[in-house]
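Numbering of residues begins at 1 and proceeds along the displayed sequence.
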Amino acid sequence: MTWLDLPADHPYGIHNLPYGVFSTDGAQPRVGVRVGEHVLDVAACAEQAGMESGAVWRAGSLNPFLAQGRSAWTAAREWLTEQLTNEAHRDCVESHLVPVAEVTMHLPIEVADYVDFYASEHHATNVGRMFRPDSEPLTPNWKHLPIGYHGRSGTVVVSGTDIVRPCGQRKPPTEPAPVFGPSARLDIEAELGFVVGGASRLGEPVPLADAGEHLFGVVILNDWSARDLQAWEYVPLGPFLGKSFATSISPWVVTMDALGAAHVPLPGQDPEPLPYLRGEPTADGAGTAYGLDISLEVEWNGTVVARPQFRDMYWSPAQMLAHMTVNGASVRTGDLFGSGTISGEEKDTRGSFLELSWSGTEPITLADGSQRTFLEDGDTVTLRAVAPGPDGALIGLGECTGTVLAAR
């Protein structure tokens, strides 16, 4: 219960409380918490309450808070819940609630390292069939480890940032040599991004059992992809310029604590992973290597064209983090890793236009009657996501949107 006048099914109710970085006219960006149709200015609220943590909330990113680790994250959530549910704090808190319509949202974290995984068996199978039609769709290593690549943290942008069409080399099958120019097969990848805090030491892996000490929260992530650049460059070392030009994330970071009711078992892993990737049973049946019941939708120029489901993913976030560090690589506060494209077995659950159009051979008809295979200049893509909360509540992850501009 809360003294706030919120509908029981509001996606930003008291069970959610996601963090972001916002600003108002004439003020510096600072940390806020979304509740209903307002943003709580956490620094101002904490300082009025006489708390020493106000400086952390005054920062222009979540990184100082992330660096404090799990115990601080838990304590902050308990304090926020107390502020928003106990009538005794109402006079103090209400004066620091800012209408969402009056704020500008910023990139919530200073991204340290960025890794993108390839954790959907359905997506990997579809891409394998298109890119390697004469070979097995899945490479021999795929079911033994979460495959990923390192991207560019400097090109991660907040939702609402325009995306300039990238240029690069591409080699059409009909041409004897590569050509240079704007990508003609610009695509999206509907993903979730996981925000990491609490740095680890170089040379010391993060075991799967400790993943919860570092997994802070989740954002919606769109890893924009130039498929023609990617197809020409990815052998033998994998994605490079076809991916590194832009990655969009939603402004609100929904904490892992808020997603407790969304834990689900993985669909099943065969063969059994090596010991460092194996989870342990838990009381809720999901295990420590759990999946998440998060539903996404992909909107293309106002038409919803797909509804991917994260519960279909083969590898779990905890397994991704454990594998990412098993060689001794350290995690840094502000690290971000993407799940890879979220795709299911059915066509309307595919999270990329490469799959939806089957490499351009099956055009998609939008509500205005126009047809698309890949993105055209001026197109806008918006990803949204929700998850179940406790007691029938809804946990909103917000939206991640971007509009394509012509190449420069």
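A donor and an acceptor atom, one from each side chain of H38 and Y12, are nowhere located under 3.5 Å apart. With no hydrogens or angles considered, a side-chain donor-acceptor pair links S23 and H106 at under 3.5 Å. Between the side chains of R185 and S359, at least one donor N or O sits under 3.5 Å from an acceptor N or O. Inspection of the T247 and D223 side chains reveals an N or O donor paired with an N or O acceptor under 3.5 Å. In this model, a donor atom of one side chain and an acceptor atom of the other lie less than 3.5 Å apart for Q371 and T365. In this structure, a donor-acceptor pair under 3.5 Å is absent between the side chains of E280 and T288.
By the 4.5 Å heavy-atom criterion applied to side chains, I163 and S248 are counted as neighbours. V195 has its side chain within reach of L66: a pair of non-hydrogen atoms, C-beta onward, lies under 4.5 Å apart. Looking only at side-chain heavy atoms (C-beta outward), W224 and L375 come within less than 4.5 Å of each other. Inter-residue side-chain proximity for N327 and P205 is flagged as unmet; no heavy-atom pair is nearer than 4.5 Å. Using a 4.5 Å heavy-atom cutoff, the side chains of S339 and M313 are in contact. Using a 4.5 Å heavy-atom cutoff, the side chains of L336 and V219 are in contact. In this structure, the side chains of V93 and C45 come closer than 4.5 Å at one or more pairs of heavy atoms. Counting only heavy atoms from C-beta outward, the side chains of F310 and L192 approach each other to under 4.5 Å.
For K171, there are no salt bridge (charged side-chain N to carboxylate O under 4.0 Å, His left out) partners, not counting sequence neighbours. Residues forming a side-chain hydrogen bond (donor to acceptor under 3.5 Å, both in side chains) with T24 (at least two apart in sequence, or on another chain): R30. For E189, the side-chain hydrogen bond (donor to acceptor under 3.5 Å, both in side chains) criterion is met by R227, K243, T341, not counting sequence neighbours. For E399, the side-chain hydrogen bond (donor to acceptor under 3.5 Å, both in side chains) partners are R384, not counting sequence neighbours. Taking R372 as the reference, E376, D379 meet the salt bridge (charged side-chain N to carboxylate O under 4.0 Å, His left out) condition, with sequence neighbours excluded. For R152, the salt bridge (charged side-chain N to carboxylate O under 4.0 Å, His left out) test picks out no residue, with sequence neighbours left out. When the salt bridge (charged side-chain N to carboxylate O under 4.0 Å, His left out) test is applied to E233, no partner is found at least two apart in sequence or on another chain. Here N126 pairs with E355 under the side-chain hydrogen bond (donor to acceptor under 3.5 Å, both in side chains) rule; sequence neighbours left out. Under the ring pair (Phe, Tyr, Trp, His ring centres under 6.0 Å) criterion, F245 pairs with no residue, sequence neighbours left out.
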Practice item. Would you sort out whether I395 and V386 count as a side-chain contact (heavy atoms from CB on, under 4.5 Å), showing the intermediate values? Key: CA-CA 6 Å; I395 303 294; V386 295; over 6 Å; no

Point to revise | Working for side chain to side chain donor-acceptor pair (under 3.5 Å), residues T403 and T380 | key: CA-CA 4 Å; T403 297; T380 298; 2.7 Å; yes

Practice item. Give the C-alpha distance, both sets of side-chain angles, the deciding distance and a yes or no for side chain to side chain donor-acceptor pair (under 3.5 Å) between T255 and D257. Key: CA-CA 5 Å; T255 64; D257 290 334; 5.0 Å; no

Practice item. With side-chain contact (heavy atoms from CB on, under 4.5 Å) as the test, would you mind laying out the steps for T125 and H122 before giving the verdict? Key: CA-CA 5 Å; T125 298; H122 298 293; 5.8 Å; no

Review point. Please walk me through it: do I342 and S120 pass side-chain contact (heavy atoms from CB on, under 4.5 Å)?
Key: CA-CA 6 Å; I342 305 165; S120 165; 5.8 Å; no

Exercise for review: Could you give me the CA-CA distance, side-chain angles and deciding distance for D41 and L97, then say whether side-chain contact (heavy atoms from CB on, under 4.5 Å) is met?
Suggested key: CA-CA 6 Å; D41 188 333; L97 290 172; over 6 Å; no

**Study point:** Step-by-step salt bridge (charged side-chain N to carboxylate O under 4.0 Å, His left out) determination, R332 to D113
**Key:** CA-CA 7 Å; R332 298 195 294 164; D113 286 317; 3.4 Å; yes

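In this pair, W57 and Y19 present their aromatic rings parallel. The plane angle is below 30°, not in the 30 to 60° band.
Pairs passing the salt bridge (charged side-chain N to carboxylate O under 4.0 Å, His left out) check and including a residue from residues 128-145, sequence neighbours excluded, read E121-K143. Applying the salt bridge (charged side-chain N to carboxylate O under 4.0 Å, His left out) test to residues at least two apart or on different chains, the pairs with a partner in residues 202-222 are R201-E204. Here ring-ring contact (aromatic ring centres under 6.0 Å, His included) pairs that include residues 324-370, with residues two or more places apart or in two chains, are F117-F337, F194-F337, W300-F353.
A donor-acceptor pair is defined here as one N or O able to donate and one able to accept, closer than 3.5 Å; no such pair exists between the side chain of T303 and the backbone of E299. T325 places no side-chain N or O within donor-acceptor distance of the main-chain N or O of G328, the cut-off being under 3.5 Å. Formation of a donor-acceptor pair under 3.5 Å by the H214 side chain with backbone atoms of V196 is not found in this model. Using modelled atom types, one side-chain atom of T401 and one backbone atom of V381 make a donor-acceptor pair closer than 3.5 Å. Distance alone, capped at 3.5 Å, places no donor-acceptor pair between the R350 side chain and the H123 backbone. Side chain of T349 to main chain of G344: a donor-acceptor pair is present (N/O by atom type, distance under 3.5 Å, no hydrogens or angles). Between the W79 side chain and the T74 main chain, no donor and acceptor come within less than 3.5 Å of each other. Under a 3.5 Å cut-off, the side chain of S250 and the backbone N or O of I220 do form a donor-acceptor pair. Within the 3.5 Å criterion, the main-chain N or O of P178 finds no donor-acceptor partner in the side chain of Q169. Judged by distance alone, the side chain of Q230 and the main-chain N or O of P239 form no donor-acceptor pair under 3.5 Å.
For H10, the NE2 atom is densely surrounded, since the number of other residues' heavy atoms within 6.0 Å is greater than 12. The local environment of CD in E47 is crowded, with over 12 non-hydrogen atoms from other residues, nucleotides or ligands closer than 6.0 Å. Surrounding CD of E362 are more than 12 heavy atoms belonging to other residues, nucleotides or ligands, all under 6.0 Å away.
Among Y118, F240, F131, the one residue that satisfies the ring pair (Phe, Tyr, Trp, His ring centres under 6.0 Å) test with Y234 is F131.
Residue V331 comes nearest to S200 through the heavy atom pair N-OG, 2.9 Å, listed as atom of the first residue, atom of the second, then distance. When all heavy atoms of P166 and L186 are compared, the pair lying nearest together is CD-CD1, 3.9 Å.
Note that the CG atom of N222 and the CG atom of L383 stand 5.0 Å from one another [nearest 0.5 Å].
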